[in-house]
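Notes follow the structure.
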Amino acid sequence: MLIFQCPYCGIDADETELSPGGEAHLKRFGPGASDEDFESYLFMRENPKGVHFERWRHSNGCGKWFHAARCTMTLEVFGTYSAQTFEPPQEIKDKISQKRPGWSWRNFS
Amino acid sequence: MFDASTTYVSLEQDTSLGMITLRADLASDKLKKAINEIGLGDLPAQRQIVSSSELSLGWMSPDELMLFCASQNVADIVQTIADHLAGEHSLVVDVSDARAHFVLKGAHIREVIAKLAPVDLDPTQFDVGELRRTRFGQIAAAFWFSDQTTAHIICFRSVAAYMHEQLIRAAASGSEMGIWSEA
């Protein structure tokens, strides 16, 4: 079972207290964007075996959205971080690099 | 149907508890003043609940508190706090009728809650003074202990019947596990 520490209330919440919110760091392109950009925002998703970034909501708890970095293969959790960010904090990236040298995910590495 | 008279902790639904939800910037001076005005000291820290003889104030999330008081005092307290917070981005709402409040009493309250919620109820992990939002079975709820043998559980009024039913089942006589009972 996945256990994430909610960065807002500090509780080690198991999966049953959380709701999944899909892939993290999606960018919605503004008015006048091309059809390709809109399609990629709507449909194009990563499906990695390994390092992955997701959004989760502490729905049966403080109710806040947050980000999580984990490994889809081993279910190892690298860390959780605030929802108010466009990319993973350096500290999380460093942790992943320590355990999965050479990792990359979309344009992060 | 199960009968509440056959449970090994006492269980009752209490309708006399007033609940006020308070959303604001918790670092705000105006909010601190308002809380002092109604007779409480410091705001609760993360996941804590502070109490005076008549009031309790629990931390619900980084921008939300829940105030518990006698139901006849709700209107006055809402008015007092709202007046203090005038001009600030905030919300003070009486939610007493939207919530249900259950009180469990007995030596075995920890294990009854542990049967329903994914929370470590060991006395070293959860104790008096803490408020935990979680789920009970399939519904969202929050609970705290006012002393070692009294637990308070709140949930939405719309699912109160489900909560009552599952508490009765979890506390059914004969299903004692005998852990944490001497705490």
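Computed from a predicted structure; not experimentally measured.
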Hey, could you give me the CD1/OG1 distance between Ile11(A) and Thr134(B), rounded to the nearest 0.5 Å?
7.5 Å
Does CD in Gln72(B) sit with more than 12 non-hydrogen atoms of other residues, nucleotides or ligands closer than 6.0 Å?
yes
Are more than 12 heavy atoms, taken from residues, nucleotides or ligands other than Glu15(A), located less than 6.0 Å from that residue's CD atom?
yes
Donor-acceptor pair, Arg133(B) side chain versus Asn60(A) backbone, under 3.5 Å?
no
Interface moiety of Arg135(B) toward chain A, non-hydrogen atoms closer than 4.5 Å
both
Does Gln138(B), at its CD atom, have more than 12 non-hydrogen atoms belonging to other residues, nucleotides or ligands within less than 6.0 Å?
no
Closest non-hydrogen atom pair between Trp59(B) and Tyr8(A), with its separation:
CH2-O, 3.5 Å
Please check if atom CG in Asp147(B) has more than 12 non-hydrogen atoms from other residues, nucleotides or ligands closer than 6.0 Å.
yes
Under 4.5 Å, counting heavy-atom pairs only, tell me which of Met60(B), Glu64(B), Arg132(B) racks up the most with chain A.
Arg132(B)
Can you tell me if Phe156(B) has over 12 outside heavy atoms packed within less than 6.0 Å of its CZ?
no
Side chains of Asp63(B) and Lys64(A): does their closest heavy-atom pair fall under 4.5 Å?
yes
Return the minimal non-hydrogen interatomic distance between Ser61(B) and Cys62(A), and the atom names on each side.
CB-O, 3.6 Å
Provide the closest heavy-atom pair for Glu17(A) versus Pro118(B) in the form atom of the first, atom of the second, distance.
OE2-CG, 3.6 Å
Just wondering, are more than 12 heavy atoms of other shown residues or ligands nearer than 6.0 Å to CG in Asp42(B)?
no
